Amino acid sequence: MDQVKRIVGTLSGRQLTTILLVAALVAGGIYGLTQWQREAGFRPLYTTALAPEDAALVVQHLKESSVPYRLSANGTIVSVPEERVAELRLDMAAAGLPKSGRIGFEIFDKTNLGMTDFAEHVNYRRALEGELERSVMALTEVEQARVHISFPQESVFQEARQPAKASVLVRLRGGSQLPETAIPAITHLISSAVEGLAPDAVSVLDMRGNLLNRAKQVSADSGSSSGTSEAALEYRHSVEQDLTAKLDATLEPLVGAGRFRAAVSADTDLTSGEQSEEHFDPTQSVMVNSQKTEDVSSPARTAGGIPGTASNLPDPAPAPVTVGGGSSRKTESVNYQSSRTVKRTVLPQGGIKRLSVSVLIDQEVHFEGSGAQAKRVLTAPPPERIKVIHDLAAAAVGLNTERGDQLIVESLPFESTVNLEPPGPAPAAPAPPLTPLEQLKKNPKMLYGAAGGAAVLLAGLFFLVFKMIKKSPPPPAQVRQPESLPQAGAEPAAAPRVAGADSWAPSALSSMGASPLPALAPARIEVLTNQIRETAQKDGEVCAGVLRGWLREEQA
């Protein structure tokens with residue numbers, strides 16, 4: 001303890017402040033690292049955000065189990081120690097947590113005999129809506145969903161009947177969007193789960209109020225035949241985009257990117273139906289059916305003999321028929337029908353009635369002359385190249401001249417080509433890289449920074465050396481100083497200057513003499529060296545005599 005007090009007493013106020021500041025920084029760093037390691041060990045109990053009511057129940061269960069937890073994202077994310085995530089999930093599942101929004105068909109797990117038909121109908125709707133919400137939330141992009149269903153209203157009157165309807169409100173995860181195929185999938189999922197619900201009666205919205213599945217019905221006014229449905233416009237736009245993309249992909253390798261413009265206008269027909277055609281060929285006929293009839297009549301006969309069964313039976317050997325006494329008639333009927341062809345055609349929806357395609361080609365440009373006298377010269381593509389482009393564009397869009405399609409290919413200079421500046425002088429050769437010294441001279445800030453860094457480094461080294469020197473005091477010993485050594489500040493007699501007198505003192509003091517001198521502190525050695533150097537410069541003869549005396553003592 002005394003040693004600590006003595007060390008503290010030897011420190012200056014600045015050193016003590018520095019030590020306290022470093023100790024505070026180290027303690028703060030250790031505390032921050034400990035807190036970071038403690039917080040890094042927590043993981044979210046559930047990957048999705050919980051509803052406020054579910055989060056409250058989960059936190060209450062964790063408090064009862066004395067499990068540490070952390071809340072984030074406005075209380076919707078509950079984090080627990082990483083090593084207990086799986087165990088706590090099983091515990092929460094056993095406790096029926098979380099409830100995942102509204103309740104599903106588990107509402108009917110408990111039977112209530114006193115429930116009315118109206119209450120049972122309401123519970124059924126709640127259960128169905130809850131199950132549909134869970135199904136929609138199973139999508140990766142959907143974070144939360146709400147489903148509302150309106151069941152169909154039955155009535156004996158046709159006018160009073162109302163179809164079933166449904167609405168879906170979805171909240172998407174941050175930075176995600178529903179793909180185009182997911183919206184019709186949601187509508188068909190809801191419509192398939194509710195009896196009598198059509199997909200067109202399902203509305204899907206996001207949290208911003210945007211209607212994701214827009215109506216596709218025709219929006220024509222009553223009595224107007226020129227109304228265009230939104231579906232027709234979208235289909236026409238998609239057809240034009242597809243054909244334009246084919247043109248760009250076909251012509252870009254040949255003409256070059258940005259050297260042409262292509263546009264397509266498509267006239268589409270969204271009407272659909274069936275068409276039947278029946279053709280007759282009078283030159284060809286076939287027999288449909290043939291009928292022959294033959295009638296033969298004979299003279300009448302009367303039965304004779306004994307009345308009874310035997311007389312009414314036919315004779316075993318009938319008598320020959322007399323031709324002259326009977327008659328015979330034959331009839332033949334043949335029906336013929338002309339050849340007939342019946343053709344039934346189903347007209348598809350979205351057929352293209354007419355295409356109009358235009359392709360604009362940029363012209364080539366070059367300059368004659370140089371400098372201010374340079375003249376811009378524009379050159380149109382040759383007719384052979386125009387024909388090749390025409391044929392390629394016609395094949396790319398499937399041009400059909402029989403239905404009135406047209407394709408126009410023209411060559412005109414683009415504005416960027418007309419305003420193109422003449423080429424300037426050739427760029428000079430790149431300058432050689434600057435040396436580090438030249439870079440420092442060119443950038444004064446870098447020079448000052450380097451000088452400041454060197455100064456800080458030298459100050460740090462000097463401080464370390466000074467501390468090392470201060471911590472190692474010289475051993476207590478008597479330093480014997482020769483009598484003939486002149487004192488500092490004495491006025492010696494004039495003497496000639498001795499060559500090399502500036503460098504002999506340290507080595508002589510450490511290596512000569514009858515008995516070796518004790519080790520001196522570096523600061524004291526430096527003081528003595530300066531005094532000896534000044535004395536040798538002022539009176540070299542005296543110093544030479546001192547050296548001769550030391551040599552004689554060494555020899556003796």
Side-chain angles (χ1 to χ4, degrees), residues 177 179-181 210 214 216 218-220 224-272 347-427:
Q177 292 183 352
E180 295 182 357
T181 57
N210 299 323
R214 291 177 293 179
K216 304 299 181 181
V218 176
S219 60
S224 175
S225 60
S226 60
T228 306
S229 66
E230 186 178 358
L233 294 176
E234 291 183 358
Y235 177 75
R236 177 178 178 179
H237 184 63
S238 63
V239 170
E240 292 174 351
Q241 280 188 333
D242 182 56
L243 295 178
T244 304
K246 289 182 179 180
L247 279 176
D248 293 341
T250 304
L251 299 180
E252 185 173 347
L254 177 63
V255 183
R259 300 300 307 277
F260 71 97
R261 295 291 184 272
V264 178
S265 176
D267 186 8
T268 58
D269 184 11
L270 292 183
T271 59
S272 62
L347 300 178
Q349 188 177 15
I352 298 177
K353 296 191 295 185
R354 188 170 178 269
L355 285 179
S356 298
V357 185
S358 63
V359 180
L360 182 61
I361 309 298
D362 192 12
Q363 295 184 357
E364 300 291 338
V365 61
H366 66 277
F367 293 89
E368 296 180 355
S370 60
Q373 303 298 328
K375 183 179 180 181
R376 182 184 295 103
V377 179
L378 298 173
T379 306
E384 295 81 6
R385 185 177 180 84
I386 295 294
K387 185 178 183 306
V388 170
I389 295 174
H390 183 279
D391 296 341
L392 289 176
V397 299
L399 198 71
N400 187 2
T401 57
E402 295 180 357
R403 64 184 178 189
D405 297 351
Q406 61 176 351
L407 172 61
I408 300 176
V409 180
E410 292 290 343
S411 176
L412 293 174
F414 289 180
E415 185 178 0
S416 58
T417 303
V418 174
N419 298 330
L420 185 65
E421 296 294 334

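Computed from a predicted model, the values in this text were never measured in an experiment.
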- Task: Kindly indicate whether the side chain of His366, heavy atoms from C-beta on, has any atom under 4.5 Å from the side chain of Leu378.
- Result: no
- Message: Counting only heavy atoms not in His237 (residues, nucleotides, ligands), do more than 12 fall under 6.0 Å from its NE2?
- Response: no
- Task: Could you walk me through whether Gln363 and Thr417 pass the side chain to side chain contact (heavy atoms under 4.5 Å, CB included) test, one step at a time?
- Result: CA-CA 8 Å; Gln363 295 184 357; Thr417 303; 5.7 Å; no
- Note on the structure: One should read off an interatomic distance between Leu355 CG and Thr268 OG1, to the nearest 0.5 angstrom, of 10.0 Å
- Test: Glu364 and Arg259 ion pair at under 4.0 Å: yes
- Item | Counterpart residues, salt bridge (charged side-chain N to carboxylate O under 4.0 Å, His left out), relative to Asp242 (two or more places apart) | Lys246
- Item | By salt bridge (charged side-chain N to carboxylate O under 4.0 Å, His left out) - contacts of Lys353 (at least two apart) | none
- Would you say Arg376's side chain and Glu368's backbone share a donor-acceptor pair under 3.5 angstrom? no
- Would you mind reporting whether Leu251 and Ile389 have side-chain heavy atoms less than 4.5 Å apart? yes
- Task: Output, in order, the C-alpha distance, side-chain angles, deciding distance and verdict of side chain to side chain contact (heavy atoms under 4.5 Å, CB included) for Asp405 and Arg354.
- Result: CA-CA 5 Å; Asp405 297 351; Arg354 188 170 178 269; 4.0 Å; yes
- Least distance between heavy atoms, Val359 atom then Ala393 atom: CG2-CB, 4.3 Å
- Query: What do the steps show when you test Thr379 against Val365 for side chain to side chain contact (heavy atoms under 4.5 Å, CB included), and what is the final call?
  - Reply: CA-CA 6 Å; Thr379 306; Val365 61; over 6 Å; no
- Smallest heavy-atom separation, Glu252 atom then Ala257 atom, equals OE2-CB, 3.5 Å
- Task: Determine, step by step, whether Asp248 and Phe260 satisfy the side chain to side chain contact (heavy atoms under 4.5 Å, CB included) criterion, reporting the C-alpha distance in whole Å, the side-chain angles of both residues, the deciding distance to 0.1 Å, and the verdict.
- Result: CA-CA 9 Å; Asp248 293 341; Phe260 71 97; 3.5 Å; yes
- Message: Applying salt bridge (charged side-chain N to carboxylate O under 4.0 Å, His left out), can you list everything that pairs with Arg236, at least two apart in sequence or on another chain?
- Response: Glu240
- Ala249 and Pro253: which non-hydrogen atoms are nearest, and at how many Å? O-CD, 3.3 Å
- Side chains of Leu360 and Ile408: closer than 4.5 Å at any heavy-atom pair? no
- Does Asp362 use its side chain to pair, donor to acceptor, with the backbone of Phe414 at less than 3.5 Å? yes
- Message: Can you confirm whether Leu254 sits close enough to Arg385 that some side-chain heavy atom of one is under 4.5 Å from a side-chain heavy atom of the other?
- Response: yes
